[in-house]
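Remember, predicted model here, so these are calculated numbers, not experimental data. The analysis underlying the following values was restricted to heavy atoms, covering all of them including side chains, and did not include hydrogens, waters or symmetry mates. The first residue in the sequence is number 1, and the count goes up from there.
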Amino acid sequence: NLKKSQRKIFRIQIGYGTIAACLFSRQIGLQRNGKILRNQDQFDMQEIPNAPNSPDRSYLTFSQEAETEYIEKKSRFIGFAAPAETEADALLHLRRLREAHPAAKHHVYAYTIREGGVLLQRYSDDGEPQGTGGIPVLDVIKKQALMNCILVVVRYFGGILLGAAGLVRAYGKSAAMAAEAAGIVR
């Protein structure tokens, strides 16, 4: 068994099936719909749920852009939600928010984009302790099964440390508020 730091798992959505590839130490393993295609070593394979990826299949996304504000112990959390058809659209939205809020300490984001048959999910803690910002924001997207959207939470530090659990709650709540304000459509 390899340590988590020694293995990287990449997930790729192709057609109506799924392929998961685990790459580590020059050893490659592929699995498609539960059947092993190539396996040079044993490794942990994670099942990946099918996501809609053909143009005729529908998906859930935000109906409009929205902005909300939440204050926790003097820190100001501003949540932004927006639909994004491509990864470039999502990154453009993020760049505009960074330009609009240059004094903010953190611009935590997460997005899920289905582009060219591939499902992309990205997030960033943007300087917050690992796992306290981006993952709670991505969880809001995952729990609502959203696609082709971006959630950004901008934090203005208020001088009081919230701790890891407080950050997780604050980022999650701010992202959920923004998602609710944006509305969800199929």
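- Among residue pairs with one or both ends in residues 114-138, none qualify as ring pair (Phe, Tyr, Trp, His ring centres under 6.0 Å); sequence neighbours excluded.
- Linking Ile, Leu, Val, Met, Phe, Trp and Tyr whenever their side-chain heavy atoms come within less than 4.5 Å leaves I113 and I184 in two separate clusters.
- Listed by first and then second residue, the side-chain hydrogen bond (donor to acceptor under 3.5 Å, both in side chains) pairs that reach into residues 127-140 are E128-R155, E128-Y171, sequence neighbours excluded.
- Annotation for E180: atom CD does not count as buried by contact number, only 12 or fewer foreign heavy atoms lying within 6.0 Å.
- Pairing each heavy atom of A66 with each of A178, the nearest pair is CB-O, 3.9 Å.
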Residue pair E87, R122: steps toward the salt bridge (Lys or Arg N to Asp or Glu O under 4.0 Å) verdict: CA-CA 10 Å; E87 187 173 24; R122 304 271 191 272; 3.8 Å; yes
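- The nearest pair of heavy atoms linking D125 to G134 is OD1-N, 2.6 Å.
- A side chain to side chain contact (heavy atoms under 4.5 Å, CB included) with L151 is found for exactly one of L146, V137, V108, L138, namely V137.
- Residues E115 and L120 form a side-chain contact, since some pair of their non-hydrogen atoms from C-beta on lies under 4.5 Å apart.
- Remark: side-chain polar atoms of D126 are paired, donor with acceptor, to backbone N or O of H107 under 3.5 angstrom.
- Formation of a donor-acceptor pair under 3.5 Å by the T61 side chain with backbone atoms of P83 is not found in this model.
- Taken to the nearest 0.5 Å, the CG atom of D89 stands 10.0 Å off from the CD1 atom of I150.
- Atoms CD1 and OH, on I141 and Y109 in that order, are 11.5 Å from each other to the nearest 0.5 Å.
- Put simply, F62 and V152 are part of two different groups of oily side chains (I, L, V, M, F, W, Y) that touch within less than 4.5 Å, one to the next.
- Here R114 contributes atom CZ and E85 contributes atom CD; the two are 8.5 Å apart, rounded to the nearest 0.5 Å.
- Minimum interatomic distance between A90 and A84 (heavy atoms only, all atoms of both residues): N-CB, 3.8 Å.
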For V153 and Y70, run side chain to side chain contact (heavy atoms under 4.5 Å, CB included): C-alpha distance rounded to whole Å, both residues' side-chain angles, the deciding distance at 0.1 Å, then the answer. CA-CA 10 Å; V153 179; Y70 170 65; over 6 Å; no
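- S63 contributes a side-chain N or O that, together with a main-chain N or O of A182, makes up a donor-acceptor pair within less than 3.5 Å.
- Summarising the geometry, atom CZ belonging to R76 is positioned 15.5 Å from atom CZ belonging to F157; distances are rounded to the nearest 0.5 Å.
- Pairs of residues two or more places apart, or lying in two chains, that qualify as ring pair (Phe, Tyr, Trp, His ring centres under 6.0 Å) and include a residue from residues 81-103 are F80-H101, H101-Y156.
- Note on I78 and V140: separate hydrophobic clusters, where clusters join Ile, Leu, Val, Met, Phe, Trp and Tyr whose side-chain heavy atoms are under 4.5 Å apart, directly or indirectly.
- T112 places no side-chain N or O within 3.5 Å of a backbone atom of Q121 that could act as its donor or acceptor partner.
- Linking Ile, Leu, Val, Met, Phe, Trp and Tyr residues whenever their side-chain heavy atoms come within less than 4.5 Å places M177 and L167 in a single cluster.
- Closest non-hydrogen pair, G131 versus V168, comes out as O-CG2, 4.1 Å.
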Could you check Q144 against L60 for side chain to side chain contact (heavy atoms under 4.5 Å, CB included), going step by step and ending with a plain yes or no? CA-CA 8 Å; Q144 297 183 27; L60 299 175; over 6 Å; no
